[in-house]
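Structure record follows, encoded as structure tokens.
Every heavy atom of this structure was used, including side-chain atoms; hydrogens, water molecules and symmetry mates were not.
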Amino acid sequence: MQTQIPAALADDPRVIEIEAILRKCVHCGMCLATCPTYTLLGDELDSPRGRIYQIKQVVEGHAPTADTLEHLDRCLTCRNCETTCPSGVKYGHLIDAGRSIVEERVARPLVQRLMRRALLTVLPYPGRVGPLVRMGQSVRGLLPAALRGSVPVRQRPGDWPAARHARRLVVLEGCVQPAMTPATNAAAARVLDACGVSLVRVAGAGCCGAVPYHLNEQEDALDHMRRNIDAWWPLVQGEGGAGEDGAGEGGADEAEPAFGVLATASGCGVMLKEYGHALAADPDYADKAVRLSALSMDTVEAVRAALDGLDEDALERLRARAAAVGRVAFHPPCTLQHGQRLAGVTEALLRRLGFSLTKVRDSHLCCGSAGTYSIFQPDIARQLRDNKVAAIESGEPDIVATANIGCQLHIGQGLEASGGKAVAHWIELVDRVMGSGTTR
Ligand code: SF4
Ligand code: SF4
């Protein structure tokens with residue numbers, strides 16, 4: 001795609017990045033068929049190619065309008081189009097940079113600005129989210145059905161094993177996950193511990209930065225990233241550190257440098273893998289960010305490697321227990337299959353462990369959660385969720401599992417509304433068949 005960038009914009013680093021990405025797009029339109037918003041709305045302006053064209057116009061000097069902002073806002077950033085594109089167009093980077101420019105030039109309505117500010121003030125901070133979630137859980141039974149689904153049932157996470165192994169992984173604890181689904185990280189810690197890897201928590205780390213990043217508060221997001229890098233750096237360098245569970249000081253006698261940073265929420269994982277890109281212009285953090293991105297891994301990457309430490313007899317025992325769990329419907333989050341390019345990997349691991357998976361049609365499509373998308377685009381988010389719930393239920397599963405807290409809560413809401421079952425992170429199922437789980 002040819003562009004004509006006016007001199008006044010030519011030095012903006014976002015425009016330079018956009019222009020380089022635009023050059024790869026050949027207008028073929030293959031991405032349209034897999035775009036959830038185009039499929040639902042049927043408007044080319046709500047398709048990847050249409051959004052690419054609107055961003056092109058903006059960097060060529062045309063003034064964006066409220067409609068431009070709306071079409072970009074309706075994008076889920078699911079990156080399904082990126083997986084489909086035969087030309088390697090990096091749509092995720094394009095939409096982030098495009099939104100950043102459009103947002104500077106088009107004022108949002110006051111209510112939207114206030115809502116975004118409220119979310120930015122609360123969500124990235126576990127100390128603020130926790131009390132609100134606990135308050136909601138204490139009156140959950142009294143809430144109307146429509147509201148009840150948005151408050152997750154309180155989980156008992158169970159024990160977190162002491163850091164006894166030399167091989168260690170740092171875990172990203174995140175912002176809303178400790179309050180809403182604390183069983184996930186605890187289950188991952190027990191499964192990895194059983195495979196000879198200690199999962200360690202580090203004081204001072206927090207939100208991965210995805211919440212402010214996708215609400216277009218880039219500087220705020222970069223601060224979260226820098227803080228995490230500062231907190232994790234001593235452990236990945238093998239210099240010890242102030243782990244909450246004594247990871248850096250009183251853990252294993254001969255602990256090695258942590259060999260990775262684990263995100264159990266695939267939405268956070270994809271953000272960690274973008275640290276190198278996001279902090280590329282920061283001379284103090286660019287190199288460290290590239291290293292952190294290279295070290296970051298999703299749960300499935302860590303568990304797949306760690307299982308090699310189990311002997312065949314142990315795996316056979318797991319398979320026998322997994323077969324008794326029943327039929328599992330697995331929903332692969334977009335951040336896992338399109339963002340991290342790990343399509344099919346979790347499903348293969350679960351099958352290797354003996355779980356029986358149901359077929360979920362259109363599993364490449366977004367469930368509509370997409371971070372804060374379901375708050376700002378509730379109608380589209382609900383339609384996508386209802387489609388996903390119908391696809392899941394058609395396989396008549398006994399259990400539903402996924403790999404990202406956003407999808408877990410959003411699909412859980414849909415299943416609860418239809419009188420169905422709860423949704424778990426898949427690592428909880430593995431924890432359960434390993435026998436260490438206390439989450440159910
Ligand atoms: S990221 Fe998803 S919603 Fe956005 S244009 Fe691509 S496929 Fe469509
Ligand atoms: S599939 Fe790729 S090259 Fe084709 S229109 Fe979409 S983004 Fe452009």
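- Note that the CG atom of Leu41 and the CG atom of Asp46 stand 5.0 Å from one another [nearest 0.5 Å].
- Applying side-chain hydrogen bond (donor to acceptor under 3.5 Å, both in side chains) to Thr37 and the options His71, Arg74, Arg51, Gln377 leaves one that passes, Arg51.
- Here the shortest heavy-atom pairing between Leu272 and Ser293 reads O-OG, 2.8 Å.
- In this model, a donor atom of one side chain and an acceptor atom of the other lie less than 3.5 Å apart for Arg14 and Ser100.
- Enclosure of atom CZ in Phe376 by more than 12 non-hydrogen atoms of other residues, nucleotides or ligands within 6.0 angstrom is indicated.
- Both the sub-6.0 Å distance and the 45° axial angle are not jointly satisfied by Arg79 relative to the ring of Tyr91.
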Derivation and outcome, ring-ring contact (aromatic ring centres under 6.0 Å, His included), residues His410 and Tyr373: CA-CA 11 Å; His410 189 62; Tyr373 187 93; 9.1 Å; no

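- Going from atom CG of Leu295 over to atom CZ of Phe259 covers 10.0 Å, rounded to the nearest 0.5 Å.
- Between the side chains of Thr264 and Asn185, at least one donor N or O lies within less than 3.5 Å of an accepting N or O.
- Nearest heavy-atom pair, Cys175 versus Val211, reported as atom, atom and distance to 0.1 Å: SG-CG2, 4.5 Å.
- Because its NZ or CZ atom is not both nearer than 6.0 Å to the ring centre of Trp160 and within 45° of the ring axis, Arg190 does not count as a cation-pi partner of that residue.
- A donor and an acceptor atom, one from each side chain of His331 and Gln408, are nowhere located under 3.5 Å apart.
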Test log, rule side-chain hydrogen bond (donor to acceptor under 3.5 Å, both in side chains), inputs Asp220 and Tyr213: CA-CA 8 Å; Asp220 198 7; Tyr213 202 78; over 6 Å; no

